[in-house]
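All values below come from the heavy atoms of this structure, side chains included, with hydrogens, waters and symmetry mates left out. Each residue takes its place number in the sequence, starting with 1.
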Amino acid sequence: MNTEERVVALEVAVARLEERVENVEAYQARQNGSIQNIEAKFDKLYFWLIGICGGLALDLFLRLIGR
């Protein structure tokens with residue numbers, strides 16, 4: 001294999017690697033968006049759970065005071 005063929009082979013390899021990196025970066029961007037959506041849903045769920053626990057604690061306190 002002469003130098004010119006090696007250079008061409010390297011150029012092809014670099015082009016393929018660049019394409020693969022672009023695909024990975026696009027995939028990561030989609031995953032980050034999905035993770036942010038899931039995080040927002042968990043934040044809402046956490047808010048509701050804290051509210052329910054607070055309500056139950058208040059109910060228990062009021063029932064104990066009423067005795």
Side-chain angles (χ1 to χ4, degrees):
M1 184 181 275
N2 65 22
T3 305
E4 186 176 324
E5 291 172 344
R6 294 174 94 185
V7 169
V8 170
L10 286 173
E11 288 175 347
V12 170
V14 168
R16 290 176 64 196
L17 286 173
E18 287 175 347
E19 183 178 349
R20 292 175 70 187
V21 168
E22 288 174 6
N23 291 338
V24 169
E25 288 173 344
Y27 174 77
Q28 286 177 335
R30 287 193 309 271
Q31 290 300 313
N32 287 340
S34 297
I35 290 170
Q36 288 173 351
N37 290 338
I38 291 170
E39 184 179 8
K41 289 178 183 179
F42 275 117
D43 286 344
K44 289 178 185 177
L45 179 63
Y46 178 74
F47 173 78
W48 280 104
L49 287 175
I50 294 297
I52 290 170
C53 288
L56 290 172
L58 180 62
D59 181 55
L60 178 62
F61 176 74
L62 293 176
R63 286 178 191 246
L64 290 174
I65 294 294
R67 286 191 169 178

Asks: With sequence neighbours excluded, give me every salt bridge (charged side-chain N to carboxylate O under 4.0 Å, His left out) pair touching residues 39-59.
Replies: D59-R63

Asks: Please determine whether the number of non-hydrogen atoms from other residues, nucleotides or ligands lying under 6.0 Å from atom CD of E4 exceeds 12.
Replies: no

Asks: For residues I38 and L49: do they belong to one hydrophobic cluster (side chain heavy atoms under 4.5 Å, members Ile, Leu, Val, Met, Phe, Trp, Tyr)?
Replies: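 Yes.
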
Asks: Among L60, L62, L56, which one satisfies side chain to side chain contact (heavy atoms under 4.5 Å, CB included) with L58?
Replies: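 When side chain to side chain contact (heavy atoms under 4.5 Å, CB included) is applied between L58 and each of L60, L62, L56, only L62 qualifies.
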
Asks: According to a hydrophobic-cluster definition based on side-chain heavy atoms being under 4.5 Å apart (Ile, Leu, Val, Met, Phe, Trp, Tyr only), do L45 and I52 belong together?
Replies: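 In one cluster: no.
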
Asks: Would you compute the distance between atom CD of E22 and atom CZ of R20 and round it to the nearest 0.5 angstrom?
Replies: 13.0 Å

